[in-house]
Amino acid sequence: MPELPEVETIRTQLESLIVGKEILSMGVKITKIGRRAKLLLIYLDNNGYLVFHLKLTGRILVRKNSDPKDDWQRITLPLSDDLELRFCDARKFGWMKFIKNKEELDKLLEKLGPEANSVSFEEFKKILSTSRRPVKIVLMDQEKISGVGNIYANDALWLAKINPRTPANQLSNQLTNQLFDAILKVLKDGIKYGGASDQHYLKPDGTRGEYQKHFLVYGRSGEPCLKCKIKIVRIVIGGRGTFYCPNCQK
DNA sequence: CGTGGGACCTGAACGC
DNA sequence: TGCGTTCAGGTCCCAC
């Protein structure tokens, strides 16, 4: 899915599109849009929340109610001003939950690790030092660090010149630093380009993100490394496609 | 503790 | 055209 930059892009757009609107079928108003890790939070004026996880193929679209149905439209929330919030999901892995109050929300979020784009370096270092698993697995473990998925994990590791199989606790201070900076950089670029519309992801206004045009290694197997021109290789780590340069990422 | 595999679902791309 | 295979921004659960 949608990783941190995609969900953050959705959050920002929804802020201008639907804050202040009423959800007609629920009789509540939307007061604020939030995000925690890869979860989108819609704050309601009855102290409740609508929480979405888009998994691999979820989309949240804001349309006029007279607009034609969207592909894979699963949930439709009628809004004031003739708008609709549509949750579309080809593979049906995504979900939406109504959460009654802050305590329930906290419970839902309690296991998530710190946000990948705001964790302190000291904490980041500590998290990596306590696991022998491949660093790529740790980066994608939402209970350790949250928000990073397969695209940005691959790109950050390439940028930091780290082999994705390296045990997390074996990274030198120097490499840990490089990785910390690389994660911030790729997430920031992801947000700057409005996310990666490689497959299903679209912004709420229906337009595509552009980060897929700036992939560093993700999805580039067989193509030349952007630094050394050696062919990018695809392997599988933890069941996920993993892309890296065998020359730059020893 | 850690890993590997399968499950959940659907659709696109590619090989024959 | 059609059929089979592989792959896909995620997470959960179970066996070893």
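Just so it is clear: chains get the letters A, B, ... in the order the sequence lines come, proteins before strands, and each one is counted from 1. Heavy-atom basis, side chains included; hydrogens, waters and symmetry copies ignored.
Using bins of under 30°, 30° to 60° and over 60° for the plane-to-plane angle, the ring pair Tyr43(A)/Tyr49(A) lands in the perpendicular bin.
Comparing dT5(C) with dG6(B), their P atoms sit 15 Å apart, to the nearest whole Å. Atom name P, nucleotides dT10(B) and dT1(C): the rounded distance is 24 Å, in whole Å. Of the P atoms belonging to dT11(C) and dG11(B), the separation is 22 Å, rounded to the nearest Å.
Counting any heavy atom pair closer than 4.0 Å across all strands shown, Pro167(A) reaches no nucleic acid atom. Within 4.0 Å (heavy atoms only), Asn150(A) reaches sugar-phosphate atoms of the nucleic acid but no base atom. Note on Tyr218(A): only backbone sugar-phosphate atoms sit closer than 4.0 angstrom, heavy atoms only; bases stay farther off. The residue Ala90(A) sits close only to the backbone: its heavy atoms come under 4.0 Å of sugar-phosphate atoms, none of a base.
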> Given the rule in the salt bridge (charged side-chain N to carboxylate O under 4.0 Å, His left out) test, do Lys185(A) and Asp155(A) qualify, once you have shown the distances and angles that lead to the verdict?
Replying inline: CA-CA 10 Å; Lys185(A) 165 73 173 155; Asp155(A) 276 10; over 6 Å; no
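Remark: side-chain polar atoms of Gln13(A) are not paired, donor with acceptor, to backbone N or O of Lys203(A) under 3.5 angstrom.
Atom CD in Gln199(A) sits about 18 Å away from atom P in dT6(C), given to the nearest Å. Whole-Å rounding puts the Arg74(A) CZ to dC9(B) P distance at 11 Å. Rounded to an integer number of Å, the gap from Lys144(A) NZ to dT11(C) P is 15 Å. With rounding to whole Å, Asp141(A) atom CG is found 10 Å from dT11(C) atom P. Between Ile235(A) atom CD1 and dC7(C) atom C1' there is a gap of 16 Å when expressed in whole angstrom units. With rounding to whole Å, Arg59(A) atom CZ is found 16 Å from dT10(B) atom P. Summarising the geometry, the separation between CG on Leu56(A) and C1' on dT11(C) is reported as 9 Å, rounded to the nearest angstrom. As rounded to whole Å, 12 Å separates atom C1' of dT10(B) from atom CG of Asp71(A).
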Enumerate donor-acceptor pairs with a distance under 3.5 Å from any side-chain N or O in residues 158-167 of chain A to protein atoms, sequence neighbours excluded.
unit_1, atom_1, unit_2, atom_2, d
Asn163(A), OD1, Arg165(A), N, 2.8
Asn163(A), ND2, Gln249(A), O, 3.1
Thr166(A), OG1, Asn163(A), O, 2.7

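For Trp72(A) and dC9(B), the shortest distance from a side-chain N or O to OP1 or OP2 is not below 4.0 Å. Here Arg133(A) reaches the OP1 or OP2 of dT3(B): one of its side-chain N or O atoms lies under 4.0 Å away. Within the structure, a side-chain polar atom (N or O) of Ser131(A) is placed less than 4.0 Å from OP1 or OP2 of dG2(B). OP1 or OP2 of dA8(C) has at least one side-chain nitrogen or oxygen of Arg234(A) nearer than 4.0 Å. Remark: Lys92(A) is not in phosphate contact with dC8(B), judged by side-chain N or O atoms under 4.0 Å from OP1 or OP2. An OP1 or OP2 oxygen of dT11(C) is reached within less than 4.0 angstrom by a side-chain nitrogen or oxygen of His53(A).
In this structure, the nucleotide among dG2(B), dT11(C), dT3(B) sitting nearest to the side chain of Arg240(A) is dT11(C). For Arg132(A), taking side-chain heavy atoms from C-beta onward, the closest of the listed nucleotides dG11(B), dC9(B), dG2(B) is dG2(B). Here dA8(C) is the nucleotide among dT11(C), dG11(B), dA8(C) with the atom lying nearest to any side-chain atom of Arg91(A).
Stacking of Phe93(A) onto the six-membered ring of dT11(C) is not present when judged by under 5.5 angstrom between centres and under 30° between planes.
When both distances must be under 3.5 Å, the Watson-Crick or G-U wobble mate of dC9(B) does not exist.
Of the residues listed (Ile151(A), Leu54(A), Leu187(A), Val186(A)), the one engaging Glu3(A) in a side-chain contact (heavy atoms from CB on, under 4.5 Å) is Ile151(A), and it is the only one.
Between Glu123(A) and Lys126(A), none of the side-chain N atoms (NZ, or NE/NH1/NH2) sits under 4.0 Å from a carboxylate O, so this pair counts as no salt bridge.
Judged by closest nucleotide on DNA chain B, Ile137(A) is the one of Ile137(A) and His200(A) placed further toward the 5' end.
Counting non-hydrogen atoms of other residues, nucleotides and ligands closer than 6.0 Å to NZ of Lys227(A) gives a total above 12.
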